[in-house]
Amino acid sequence: MAILSPLRSRSAAISVAAIAGTVAAGVCFAVSGASAGTVSGSLYRDPSSAVVRWVAANPGDSRAAVIRDKIASQPQARWFANFNPSTVQAEVSEHIGAANAAQQIPVLAVYEITNRDCGGASAGGAPDLNQYQTWVSNFARGLGNQTVLIILETDSLALLTCLNSSELAARNQAISTATRTIKSANPNAKVYLDAGHSTWNSAGETANRLRAAGVQYADGFFSNVSNYNSTSNEANFGRAVISSLNGMGISGKRQVIDTSRNGGASGDWCGDDNTDRRIGQYPTTNTGDANIDAYLWVKPPGEADGCRYTAGSFQPDLAFSLANGAPNPPTTAPPTTTPPTTTPPVTTPPVTPPNSSPPTGDGCYADVAINQWAGGFTASVTVTAGKSDISGWTVTVVLPSGTAVTGTWNAQASGTSGTVQFRNVSYNGRVLGRQSTNFGFQGTGTGPGTTATCVTA
């Protein structure tokens, strides 16, 4: 899936010479006496992201260690930018299921609004707003019931130059409806609307646009996506926007800030052509600021803006330039095992540990860990090679009566009930001797046992 690249030339018309971010791990820009925002927990690192796949495929590249340690190790947003109403629910469910199994919070960037980017380099989106609402409804049905952060339509409110008054009213209504659709499908979803960035529209104008688009139904707003303004400037801008919203009678809204590329010096807006950019603060929900729910990497570092390379393509030289010289990421605590507040308590332990016995023969072995709640479960499956390398695997799982698979990640499933086979995908079939890979699935009903049958290809 191509990840497109918004927020580019609009900022070029406004001076960004004052950009001077920080990359020091653990530094935050907090209001005196303030605590963290409303989101708490570890953010999800997608094991199949473009940068992770590149690192796995290029272990001998001289840039690989820096990119691996400082970018691929970090949670980043997964972009949903293709108009695919028939498949988006399954794609979202698969991603959400993987994050839930890892007990981490996923970040999803929705980039599907009609006439996005005002027909610029990232043009596209739904053909019309009726089809957009169909797509959003299908997207929302895949969100589950646990915490998820939704970055809803970058550029949609900050960039309005291509819309007449009736088109603007229709867009505002579409975003407001999308927000309510997502919140209705998953009340634990945190939805943030577009606030541009601190060197674009004024705080007062931004607040007006947010109000018109239904920010009262959302959790807040995001800023600095794909841009380079310092975190301190964005935090000050966010406080001004919140103050303006409060003056309109809209209270309790919070900000998230994209820090993926704001740790370097200023320069031309296009990241493809700059070597003075650096990754900013590492992603976290521990912001120390009551106004800010998270520092996020919404724009994945190393993915192009569309100047020298195709927008959204992963370019290792860009990634290396952003990461080289940046400090190492802080050590993070493991995710908690506390179930979400909307999940009823269960009478058995929620996590069934896998069999940890090491393989002694050839072939492959599969262990299953189950996270069970009332009415559903996620299963995390570890596939381990025996003494010799394997080039492919198939895991067979027998599901209890009444149980059905609703989503799968890092594997291809054959069937949804009874005896189900899970086969490797292109990037995780080869496993070295006594090494492991993982896949998972989500389902309704009662999860299977802790062992499964594994055969090599």
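Computed from a prediction, not measured in an experiment: that's the story for all the values here.
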Check side chain to side chain contact (heavy atoms under 4.5 Å, CB included) between [X] and all other residues, then give those that pass, not counting sequence neighbours.
X	result
S40	none
A140	L143, T181, I182, A185
Q216	I250
S391	none

List the residues meeting ring pair (Phe, Tyr, Trp, His ring centres under 6.0 Å) with F422, not counting sequence neighbours, and say none if there are none.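 Once residues adjacent in sequence are excluded, the partners of F422 under the ring pair (Phe, Tyr, Trp, His ring centres under 6.0 Å) criterion are F439, F441.
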
I'd like to check the ring pair (Phe, Tyr, Trp, His ring centres under 6.0 Å) partners of F139; sequence neighbours left out, ordered by chain and number.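 F80, W135.
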
Is there a side chain to side chain donor-acceptor pair (under 3.5 Å) between Q255 and S223 once you walk through the steps? CA-CA 7 Å; Q255 180 184 21; S223 70; 3.0 Å; yes

My understanding is that only residues two or more places apart in sequence, or in another chain, count here; which of them pass side chain to side chain donor-acceptor pair (under 3.5 Å) with [X]?
X	answer
N138	R141
D389	R430
Y132	E153
Q412	none

Name all pairs fulfilling the disulfide bond (SG atoms under 2.5 Å apart) condition that reach into residues 84-182, sequence neighbours left out, sorted by first residue then second.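 Pairs touching residues 84-182 that pass the test: C118-C162.
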
For residues 396-407, which side-chain donor-acceptor pairs fall under 3.5 Å, sequence neighbours excluded?
{"residue": "T403", "atom": "OG1", "partner": "T446", "partner atom": "N", "Å": "3.1"}
{"residue": "T403", "atom": "OG1", "partner": "T446", "partner atom": "O", "Å": "2.7"}
{"residue": "T406", "atom": "OG1", "partner": "Q442", "partner atom": "O", "Å": "3.2"}

